[in-house]
Chemist: 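Below is one structure. I have some questions about it.
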Amino acid sequence: MANIKSQKKRAITNAVANRKNSAERSQLKTAIKKVNTAVAANDKEAAVKAFNDCNSLLDKAAASNLKHSNYVARQKSRLAKAVASLG
């Protein structure tokens with residue numbers, strides 16, 4: 001543990017940020033899985049709804065530098081292609 005007061009504060013804020021980022025990453029992974037599950041079940045209505053929710057989370061992840069913008073673009077493209085394949 002740090003001895004300097006500012007470093008003790010930094011350790012606390014880093015821990016808080018780590019918990020927040022972990023939760024957001026987990027939420028994003030779950031949203032992607034929901035889209036893939038709906039596509040696998042051939043449920044177009046559920047897939048479109050899940051895709052729209054997932055797009056929002058992906059955009060937020062890119063805006064907050066949680067995920068790289070290229071990753072976000074790639075995931076959105078893959079998911080859109082999968083949803084469009086349902087016809």
Chemist: Would you compute the distance between atom NZ of K29 and atom CG of L57 and round it to the nearest 0.5 angstrom?
Modeler: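 It is 14.0 Å, given to the nearest 0.5 Å.
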Chemist: Write down the atom of A46, the atom of A38, and the distance for their closest heavy-atom approach.
Modeler: C-CB, 4.0 Å
Chemist: When you measure from the side chain of T37 to the backbone of K33, do you find a donor-acceptor pair of N or O atoms at a distance under 3.5 Å?
Modeler: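 Checking the backbone N and O of K33 against the side chain of T37, a donor-acceptor pair under 3.5 Å is found.
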Chemist: To the nearest 0.5 Å, what is the distance between OG (S22) and CD (Q27)?
Modeler: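 Nearest 0.5 Å value for the OG-CD distance: 12.5 Å.
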Chemist: For a side chain to side chain contact (heavy atoms under 4.5 Å, CB included) with V48, tell me which candidate from V83, V35, L86 qualifies.
Modeler: V83
Chemist: Would a 4.5 Å heavy-atom cut-off, applied to side chains only, mark N52 and S56 as touching?
Modeler: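 Result no, sub-4.5 Å side-chain heavy-atom pair not found.
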Chemist: Where do L79 and N36 land on the side-chain contact (heavy atoms from CB on, under 4.5 Å) test, with the steps shown first?
Modeler: CA-CA 8 Å; L79 295 172; N36 289 330; 3.6 Å; yes
Chemist: Between L58 and V72, which heavy-atom pair has the shortest distance, and what is it?
Modeler: O-CG2, 3.5 Å
Chemist: Do N14 and R10 have side chains that approach each other closer than 4.5 Å (heavy atoms only, starting at C-beta)?
Modeler: yes
Chemist: Specify the closest pair of heavy atoms between Q7 and A2, including all atoms of both residues, with the distance to one decimal.
Modeler: CB-CB, 3.5 Å
Chemist: Got a donor-acceptor contact below 3.5 angstrom from the S26 side chain to the A23 backbone?
Modeler: no
Chemist: Taking it one step at a time, do D59 and K76 satisfy side-chain contact (heavy atoms from CB on, under 4.5 Å)?
Modeler: CA-CA 9 Å; D59 288 336; K76 287 171 74 170; 2.9 Å; yes
Chemist: Check whether any side-chain heavy atom of L28 lies under 4.5 Å from a side-chain heavy atom of E24, and answer yes or no.
Modeler: no
Chemist: What is the minimum heavy-atom distance between I32 and Y71, and which atoms define it?
Modeler: CD1-OH, 3.9 Å
Chemist: Would you compute the distance between atom OG1 of T30 and atom NZ of K34 and round it to the nearest 0.5 angstrom?
Modeler: 7.0 Å
Chemist: Regarding K49 and E45, does a basic nitrogen lie under 4.0 Å from an acidic carboxylate oxygen?
Modeler: no
